There are 2 protein chains.
Amino acid sequence: MGARRGEDVEVVTAPGRLPGNDEPAVRERARAIPEAAVARLAVYLRVLSGLAEQDVTTISSEELSAAAGVNSAKLRKDLSYIGSYGTRGVGYEVEVLVDQIERILGLTRKHSVCVVGIGNLGHALANYAGFPGRGFPVSALFDVDDDLIGVPVGGILVSHVDDIPRVCAEREVSIGVIATPPPAAQGVCDRLVSAGVQCILNFAPVVLQVPDHVEVRKVDLAVEMQILSFHVARRADEAANADESGMVVPG
Amino acid sequence: MGARRGEDVEVVTAPGRLPGNDEPAVRERARAIPEAAVARLAVYLRVLSGLAEQDVTTISSEELSAAAGVNSAKLRKDLSYIGSYGTRGVGYEVEVLVDQIERILGLTRKHSVCVVGIGNLGHALANYAGFPGRGFPVSALFDVDDDLIGVPVGGILVSHVDDIPRVCAEREVSIGVIATPPPAAQGVCDRLVSAGVQCILNFAPVVLQVPDHVEVRKVDLAVEMQILSFHVARRADEAANADESGMVVPG
DNA sequence: CCGACTTTGTGCACACGTTCACAAGCGCTA
DNA sequence: TAGCGCTTGTGAACGTGTGCACAAAGTCGG
Ligand SMILES: NC(=O)c1ccc[n+]([C@@H]2O[C@H](COP(=O)([O-])OP(=O)(O)OC[C@H]3O[C@@H](n4cnc5c(N)ncnc54)[C@H](O)[C@@H]3O)[C@@H](O)[C@H]2O)c1
Ligand SMILES: NC(=O)c1ccc[n+]([C@@H]2O[C@H](COP(=O)([O-])OP(=O)(O)OC[C@H]3O[C@@H](n4cnc5c(N)ncnc54)[C@H](O)[C@@H]3O)[C@@H](O)[C@H]2O)c1
């Protein structure tokens, strides 16, 4: 290994210098769980919760992976990131896995959520029973529309966006959901950040600029649609190519 | 190159044998665009459309990448997958890029969308102006609730799920959006698939089983929240570790 | 107590995706 | 036309994620 090519220019990776760069994700501790694995753990957790309700007490990696729609080796590797809680020759205890995944995902602590922008989407989110049911109580709603302020939606009164700092502090909001029109999103984001919210879920189709310590995830339906569209197009292309090149003309 | 290690076991990649395996994604043609790049192309497209409206005619990879929130090298590589449409020393013509990305994403063709499950979320989706605005006209709505059948939502009458085959064929639906309660999702999915829908966007928190030729994307808000929760927890852990190990106790 | 059988946990190789760094190419100026 | 400065396009290194295949470790029947 090493100097395979003759012109290695002493790549030293600039030890600890790097000015204001992007911080890919993890640097310090090597024992980090891959982001992709975290997303899957959340899925396993949902499947396992369902199984627990059906009084299933034990499950093998093969069965669980089928239910979660993944490869069984991947499932075992994912679970290995959080520890060794299986019994060889038997499988995993459902309850143990639920507890351990919840621990790793930080679900032992409740995370209060606020929704900003109580329009079509905001209403649906505020009324969604799936959040509180999974440890994410919606505890504050915000909008700028005077007709909405003070109105109860899903059992919670809508506050004015100007009150974000106070209300978020009082109700210990740790996750902010942005469901405003695109032009308002960055402004709302800035307010949330200065109110101390460190996690943001953004539905507005804009790229948010945030400081390094804030985690943003976005849900962009148009992008999802376009990815689907791409696959349709690619498939059509392949079919066309197959017709042209490979296929023997019948007759 | 070649036999670096002493025990090369003649890895021949089993020429064309592979029985009924999973087909990871692409195999045949090497000139495939990475999935991750496709998602970003959709984002670039949105940014570029905004620029075009502001009469920006030319943009460099540096500027565009900043606006899209990615590394400029990544942006250039992404664009290189679709061809060479830049001018060295100058940058890219906005209009050209828009056209080319739309071509690759298959957006030259309109993709009719249907929404199944017109509850809280389904209403929001049916009323969402962002879909038709981006080439995805919502052309059919379905539910099982008799009180909803025949009612107009967002200008379209709600049909009964039993009519999925007929209505989807008539209106040439190519993308199905599932917004039903979780237990109904798989059934709805099966109906859509047998009606010939090949792309599905699923909001119900369940793992859908579909044939190989159907493309499914899921939007799972609880999973998104849990990923955010994980990062909060990890951050808290790191802080605690830093306190314990490294930091000098003051005083 | 042993040996057969089952399933986990993981080392390893490969595939995919990201980033760097720079030659190639273009426009502009003299 | 030659030279200069700028930006693209990409080869190659690197890092991350995936999947195979198997040893390790357990259960269970005899
Ligand atoms: N409706 C959908 O199904 C859907 C789907 C995908 C994405 N989105 C995105 O979600 C966002 C909301 O969509 P919608 O359909 O609910 O829009 P909407 O117009 O129905 O609601 C927007 C709400 O935000 C409020 N608002 C405006 N400016 C604000 C500000 N500065 N601070 C706080 N609140 C403010 C408005 O008063 C309104 O109540 C948009 O960005 C949209 O692109 C919506
Ligand atoms: N509301 C949200 O913000 C939100 C967020 C994330 C995920 N989801 C998920 O989206 C789905 C819908 O959520 P919602 O809040 O709109 O629920 P909802 O109960 O308001 O609406 C569900 C609708 O589906 C219809 N339906 C039931 N069975 C059906 C069937 N077999 N075929 C067709 N339609 C059927 C019902 O009549 C109802 O109109 C759920 O799976 C939910 O978990 C919702």
Side-chain angles (χ1 to χ4, degrees), chain A residues 1-14 18 21-27 30-41 58-66 69-93 96-97, chain B residues 1 3-14 18-19 21-27 30-41 58-66 69-93 96-97:
Chain A
M1 291 282 166
R4 188 100 47 89
R5 198 156 298 264
E7 3 132 336
D8 275 23
V9 201
E10 189 133 4
V11 181
V12 203
T13 336
L18 324 169
N21 76 347
D22 262 334
E23 269 304 305
V26 185
R27 169 75 47 93
R31 61 208 185 80
I33 303 177
E35 184 89 8
V38 173
R40 287 190 299 267
L41 282 170
T58 294
I59 193 167
S60 72
S61 64
E62 209 66 46
E63 295 168 293
L64 182 53
S65 66
V70 302
N71 181 307
S72 74
K74 198 188 309 200
L75 176 124
R76 287 199 298 276
K77 181 146 290 190
D78 288 345
L79 292 181
S80 80
Y81 291 126
I82 67 175
S84 290
Y85 300 105
T87 307
R88 293 170 192 229
V90 179
Y92 301 89
E93 255 188 82
V96 172
L97 276 195
Chain B
M1 289 282 166
R4 187 100 48 87
R5 201 158 297 263
E7 4 130 337
D8 276 21
V9 200
E10 188 130 4
V11 180
V12 203
T13 337
L18 324 171
N21 74 348
D22 260 336
E23 271 304 305
V26 186
R27 169 75 48 92
R31 62 210 183 77
I33 304 177
E35 183 89 9
V38 173
R40 285 190 299 267
L41 282 170
T58 293
I59 192 166
S60 71
S61 63
E62 208 67 46
E63 295 168 295
L64 182 52
S65 67
V70 302
N71 181 307
S72 74
K74 195 188 310 199
L75 177 124
R76 287 199 299 277
K77 179 141 288 188
D78 288 345
L79 292 182
S80 79
Y81 291 126
I82 67 174
S84 289
Y85 301 104
T87 308
R88 293 170 190 230
V90 178
Y92 301 90
E93 256 187 82
V96 172
L97 276 194

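Protein chains get the first letters and strands the later ones, always in sequence-line order, with residue 1 at the start of each. It should be emphasised that the depicted structure is a prediction, and the values quoted were computed from it without experimental measurement. We use all heavy atoms of the structure for the numbers below, so side chains are in, but hydrogens, waters and symmetry mates are not.
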Please confirm whether the shortest side-chain N or O distance from Arg76(B) to OP1 or OP2 of dC22(C) is below 4.0 Å.
no

Rounded to the nearest angstrom, tell me the gap between atom CD in Glu35(B) and atom C1' in dT18(D).
15 Å

Is there a side-chain contact between Tyr81(B) and the phosphate of dG17(C), meaning an N or O under 4.0 Å from OP1 or OP2?
no

Are the side chains of Tyr92(B) and Leu79(B) in touch, meaning some heavy atoms are under 4.5 Å apart?
yes

Measure the OG1-CD distance between Thr58(A) and Glu63(A) for me, rounded to the nearest 0.5 Å.
9.5 Å

Spacing of Leu79(B) atom CG relative to dT8(D) atom P, expressed in whole Å:
9 Å

Donor-acceptor pair under 3.5 Å, Lys77(B) side chain vs dG9(D) base:
no

Here the distance between atom P of dT10(D) and atom CG of Leu75(B), to the nearest Å, is 14 Å

Can you measure from OG (Ser61(B)) to CG (Asp78(B)) and round to the nearest 0.5 angstrom?
11.5 Å

May I have the distance from Asn71(B) (atom CG) to dT10(D) (atom C1'), rounded to whole angstrom?
14 Å

Which atoms form the tightest heavy-atom contact between Leu97(B) and Leu64(B), and what is the distance?
CD1-CD2, 4.1 Å

To the closest 0.5 Å, what do you measure between CZ (Arg40(A)) and CD1 (Ile33(A))?
11.5 Å

Rounding to an integer number of Å, can you tell me how far Lys74(A) NZ sits from dG11(C) C1'?
18 Å

Taking the side chain of Arg40(A) as its heavy atoms from C-beta onward, which of dT8(D), dT18(D), dT10(D) lies nearest to it?
dT18(D)

Atom-pair distance (CG on Leu64(A); P on dG9(C)), nearest Å
12 Å

Residues in contact with DNA chain D, drawn from residues 83-91 of chain B - heavy-atom cutoff 4.0 Å
Ser84(B), Tyr85(B), Gly86(B), Thr87(B), Arg88(B), Gly89(B), Val90(B), Gly91(B)

Is Ser61(B) near enough to dT7(D) that one of its side-chain N or O atoms lies under 4.0 angstrom from OP1 or OP2?
no

Provide, to the nearest angstrom, the distance between the OH atom belonging to Tyr92(B) and the P atom belonging to dG25(C).
15 Å

How long is the line joining CD of Glu93(A) and P of dG26(D), in whole Å?
15 Å

